[in-house]
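What follows is a short report on a single structure.
Numbered from 1 within each chain, the chains take letters A, B, ... in sequence-line order.
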Amino acid sequence: MPAHFFARPALAVAPDLIGATLLIDGVGGLIVETEAYQRDDPASHSFPGPTKRNQPMFAGPGLAYVYFIYGVHWCLNFTCAEAGAVLIRAIEPTDGIDQMIERRSQTNPRNLCSGPGKLAQALGVGPALNGLPLDEKPLELRAASSGIDVAIGPRIGITKAADLPWRFGLKGSRFLSRRF
DNA sequence: ACAAGGATGGACT
DNA sequence: GTCCATCCTTGTA
């Protein structure tokens, strides 16, 4: 993964992450679904300006941004240029599947990482990861191969700016959180 | 100090 | 399809 990969707007980074490999302590797989969140985007955590929670989004590109939602789930983002971020929404498991099964108490491969909360649990994402650089352990990222067919659609689970087509996925993948 | 609501997932009808 | 657990963050007084 080139050093400047994340030093671009989230809207440019998000589709390029489809097909990339993400590992955390050796556990992970192929990123098959992402969403872009930008600074002047009412749905973005950075929209109201700097706060304690969104600190990593204002701390520069190439960092992990981890937040807690609905009192239950953790979600993993990669920070980009201009206080943007990309939400990692689904992964096709390839490495450390046994550990994912243990963490998720779930044996169906399609239910291990098919959603932002699920993949966070399967990969052991928690507050300890917040703000960490993406090019250092325990994180490992490898760029996608060329020729990836990317599907585009509106983002999921938001009420503000819900019509923007800023969700990206690997076309035809069986590991998405939802169909496009 | 307090109330509102959320980038979800699992259980259930 | 509907319902809702559960708690952190944020805006407001």
For this session: Tell me, with the steps shown, if A/Tyr67 and A/His45 meet ring pair (Phe, Tyr, Trp, His ring centres under 6.0 Å).
Result: CA-CA 10 Å; A/Tyr67 67 87; A/His45 287 178; 4.5 Å; yes
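Judged purely by atom type and a 3.5 angstrom limit, A/Arg167 has no side-chain atom pairing as donor or acceptor with the backbone of A/Arg155. Looking at A/Gln121, its side chain does come within 3.5 Å of a backbone N or O of A/Arg103 through a donor-acceptor pair.
Taken from CD in A/Glu35 to SG in A/Cys75, the straight-line distance is 10.0 Å, to the nearest 0.5 Å. Considering CD1 of A/Ile156 and CG of A/Leu176, their distance stands at 9.0 Å, rounded to 0.5 Å. Rounded to the nearest 0.5 angstrom, A/Leu17 CG and A/Leu87 CG are separated by 11.0 Å.
Rounding to whole angstrom units, CD1 of residue A/Ile158 and P of B/dG5 are separated by 17 Å. Rounded to a whole Å, the CD atom of A/Glu35 is 12 Å from the C1' atom of B/dT8. In this structure, CZ of A/Arg167 is placed 14 Å from C1' of B/dT8, rounded to the nearest angstrom. Taking atom NE2 on A/His73 and atom P on C/dT9, their separation rounds to 16 Å, with Å as the unit. Here the P atom of nucleotide C/dG1 and the CZ atom of A/Arg178 are 8 Å apart, to the nearest Å. The CZ-C1' distance, from A/Phe47 to C/dG11, rounds to 14 Å in whole Å. Whole-Å rounding puts the A/His45 NE2 to B/dG6 P distance at 10 Å. Atom-to-atom, CD of A/Gln55 to C1' of C/dT10 comes out at 15 Å; the value is rounded to the nearest Å.
Counting any heavy atom pair closer than 4.0 Å across all strands shown, A/Arg104 reaches sugar-phosphate atoms only and no base atom. Nucleic acid contact for A/Arg155: none, since no nucleic acid atom lies under 4.0 Å from a heavy atom of the residue. A/Thr159 comes within contact range of the sugar-phosphate backbone alone, with a heavy-atom separation under 4.0 Å but no base atom that close.
Minimum atom distance to the side chain of A/Val72 is reached by C/dT6, of the listed C/dT6, B/dA7, C/dT10. Taking only side-chain atoms of A/Lys118, from C-beta outward, the nucleotide of B/dG10, B/dA7, C/dT10 with the closest atom is B/dG10.
Note on A/Val13 and A/Ile18: separate hydrophobic clusters, where clusters join Ile, Leu, Val, Met, Phe, Trp and Tyr whose side-chain heavy atoms are under 4.5 Å apart, directly or indirectly.
In terms of phosphate contacts, A/Thr51 brings no side-chain nitrogen or oxygen within less than 4.0 Å of OP1 or OP2 of C/dT9. Listed pair A/Arg89 / B/dT8 meets the phosphate criterion, a side-chain N or O lying under 4.0 Å from OP1 or OP2.
DNA chain B is contacted by both A/Ala85 and A/Asn111; A/Ala85 maps to the nucleotide lying nearer its 5′ end (nearest heavy atom per residue).
Residues from residues 61-70 of chain A that place a heavy atom under 4.0 Å from any atom of DNA chain C, listed by number: A/Phe68, A/Tyr70.
A cation-pi arrangement, defined by a distance under 6.0 Å to the six-membered ring centre and an angle within 45 degrees of its axis, is absent between A/Arg53 and A/Tyr65.
A salt bridge is absent between A/Lys137 and A/Asp25: the closest approach of a Lys/Arg side-chain nitrogen to an acidic carboxylate oxygen does not fall below 4.0 angstrom.
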For this session: Under 3.5 Å for both distances, Watson-Crick or G-U wobble, that's the pair rule; now give the dot-bracket for DNA chain C, with | marking pairs to another strand and [ ] for crossing ones.
Result: |||||.||||||.
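Here side chain to side chain donor-acceptor pair (under 3.5 Å) pairs that include residues 77-89 of chain A, with residues two or more places apart or in two chains, are A/Glu33-A/Arg89, A/Arg89-A/Ser177.
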